[in-house]
Amino acid sequence: MQKKKKILLTGSSGFLGNEIFKFLIKKYQCETIPRDNLRSYKKIEEVILKKFPDVIINAASIVGLNNSNINKTETKKINSRLPYNLAKFSKKFNFHLIHISTQSVFDGNIENDLYENTEPNPFSFYGYTKYLGEKNIVLNTDNFTILRLPYIYSNNFKNPRNILSKIFSDINNGSVNIFKKEISSLISVKSAVKTIDDIIIN
């Protein structure tokens, strides 16, 4: 019988991270890194040395334009410094790092098509910290995958991170607020999780 791959996950309490964990725990030896450990290089290393994962999935993030602006120091630690530390460990301990990034690394200019080699140009502090996290990974390990996900939706309207929750809430309140002209592709949380599983398999 083939041995189950060992997966470590950050951000398991978030909208996407929780769905990732619920799916992967059925197939793999999947465990989480507590959020309190994510700010410490030493504590992360201790977990890795104890578990020796095949893959680490980094779904931890300080999200939202307002939230990231209010908590700039914490946003830098989680969105930029954490990916740097995980990339260093990826090279040192030879595991594959799957990093969840965002479409916000781009400026939202609807005149320009986006490709994998399109140069990011973040317009917000949140986008800048996520882009810096990407750069920290690219410069410090070769064993990685970066997923730039757009808005994520599911059929769970109780979760405030579900983009459909906000849309339906606005409709029920009698008005839909649009803050900027934007074109975006939505992705279901199931599709995002399946993509991550495909990366692990391959």
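Everything quoted here is computed from the prediction, not taken from an experiment. Only heavy atoms go into these numbers, but all of them, side chains included; no hydrogens, no water, no symmetry mates.
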Inset, instruction - Tell me, please, which residues at least two apart from Arg148 pass salt bridge (charged side-chain N to carboxylate O under 4.0 Å, His left out). - result: Glu134

Inset, instruction - Quick one: list whatever passes salt bridge (charged side-chain N to carboxylate O under 4.0 Å, His left out) with Lys51, sequence neighbours left out. - result: Glu31

Legend entry - Spacing of Ile152 atom CD1 and Lys190 atom NZ [to the nearest 0.5 Å]: 14.5 Å

Inset, instruction - Consider only side-chain heavy atoms of I, L, V, M, F, W and Y, link residues closer than 4.5 Å, and tell whether Phe123 and Ile62 are in one cluster. - result: no

Inset, instruction - Would you mind listing every salt bridge (Lys or Arg N to Asp or Glu O under 4.0 Å) that reaches into residues 13-30, with sequence neighbours excluded? - result: Glu19-Lys22, Lys27-Asp197

Legend entry - With sequence neighbours excluded, residues passing salt bridge (charged side-chain N to carboxylate O under 4.0 Å, His left out) with Glu46: none

Inset, instruction - Enter the distance from Ile56:CD1 to Ile33:CD1 here, rounded to the nearest 0.5 Å. - result: 4.5 Å

Legend entry - Greater than 12 external heavy atoms within 6.0 Å of Tyr131's OH: yes

Legend entry - Any residue meeting side-chain contact (heavy atoms from CB on, under 4.5 Å) with Lys92, in chain and number order, not counting sequence neighbours: Glu45

Legend entry - From CG (Asn18) to OG (Ser13), nearest 0.5 Å: 8.0 Å

Inset, instruction - Enumerate the residue pairs fulfilling ring pair (Phe, Tyr, Trp, His ring centres under 6.0 Å) with a member in residues 40-62, sequence neighbours excluded, ordered by first and then second residue. - result: Tyr41-Phe89

Inset, instruction - Please round to the nearest 0.5 Å and tell me the distance separating atom CD1 of Ile70 and atom OG1 of Thr75. - result: 9.5 Å

Legend entry - CD1 on Ile48 to CZ on Phe95, rounded to 0.5 Å: 4.5 Å

Inset, instruction - Ignoring hydrogens and angles, tell me if any N or O in the side chain of Asn136 forms a donor-acceptor pair with the backbone of Ser80 under 3.5 Å. - result: yes

Legend entry - Test side-chain contact (heavy atoms from CB on, under 4.5 Å) applied to Asp54 - qualifying residues, sequence neighbours left out: Lys5, Lys6

Legend entry - Flag side-chain contact, heavy atom, 4.5 Å: Lys130 against His99: yes

Inset, instruction - Quick one: list whatever passes salt bridge (charged side-chain N to carboxylate O under 4.0 Å, His left out) with Lys72, sequence neighbours left out. - result: none

Inset, instruction - Return the set of residues passing side-chain contact (heavy atoms from CB on, under 4.5 Å) with Ala60 (not counting sequence neighbours), or none when no residue passes. - result: Thr10, Arg35, Leu38, Asn58, Ile78, Leu82

Legend entry - Non-hydrogen atoms of Ser154 and Val189 that approach each other most closely: CB-CG1, 3.6 Å

Inset, instruction - Spell out, yes or no, whether Leu149 and Ile199 are grouped together once hydrophobic residues are joined by side-chain heavy atoms under 4.5 Å, including indirect joins. - result: yes

Inset, instruction - Check whether any side-chain heavy atom of Pro150 lies under 4.5 Å from a side-chain heavy atom of Leu186, and answer yes or no. - result: no

Legend entry - Minimum heavy-atom distance Ala59-Ile100, with the two atoms named: CA-CG1, 4.0 Å

Inset, instruction - Please test Asn79 against Tyr128 for side chain to side chain contact (heavy atoms under 4.5 Å, CB included), starting from the C-alpha separation and ending with a verdict. - result: CA-CA 9 Å; Asn79 292 1; Tyr128 169 75; over 6 Å; no

Legend entry - Tyr151 side chain reached by Gln103 side chain, heavy atoms, under 4.5 Å: yes

Legend entry - Partner of Tyr126 under side-chain contact (heavy atoms from CB on, under 4.5 Å), chosen from Thr102, Asn67, Asn69: Thr102

Inset, instruction - With sequence neighbours left out, write down each residue that passes side chain to side chain donor-acceptor pair (under 3.5 Å) with Ser188, or none if nothing qualifies. - result: Ser191

Legend entry - Nearest heavy-atom neighbours spanning Pro122 and Gly127: CB-C, 3.4 Å

Legend entry - ILVMFWY cluster, Leu147 and Val55 together (side-chain gap under 4.5 Å): yes

Inset, instruction - With sequence neighbours left out, write down each residue that passes side-chain contact (heavy atoms from CB on, under 4.5 Å) with Thr141, or none if nothing qualifies. - result: Ala87, Ser90, Lys91, Ile137, Asn143, Phe144

Inset, instruction - Measure the OH-CG distance between Tyr28 and Leu9 for me, rounded to the nearest 0.5 Å. - result: 13.5 Å

Legend entry - Cluster check Ile20, Ile98: I/L/V/M/F/W/Y, side chain < 4.5 angstrom: yes

Legend entry - Sequence neighbours excluded - salt bridge (Lys or Arg N to Asp or Glu O under 4.0 Å) pairs with any residue from residues 55-69: none

Legend entry - CG/Asp142: more than 12 non-hydrogen atoms of other groups inside 6.0 Å: no

Inset, instruction - Decide whether Phe21 and Val193 are clustered together by the hydrophobic rule: side chain heavy atoms of Ile, Leu, Val, Met, Phe, Trp, Tyr closer than 4.5 Å, transitively. - result: yes

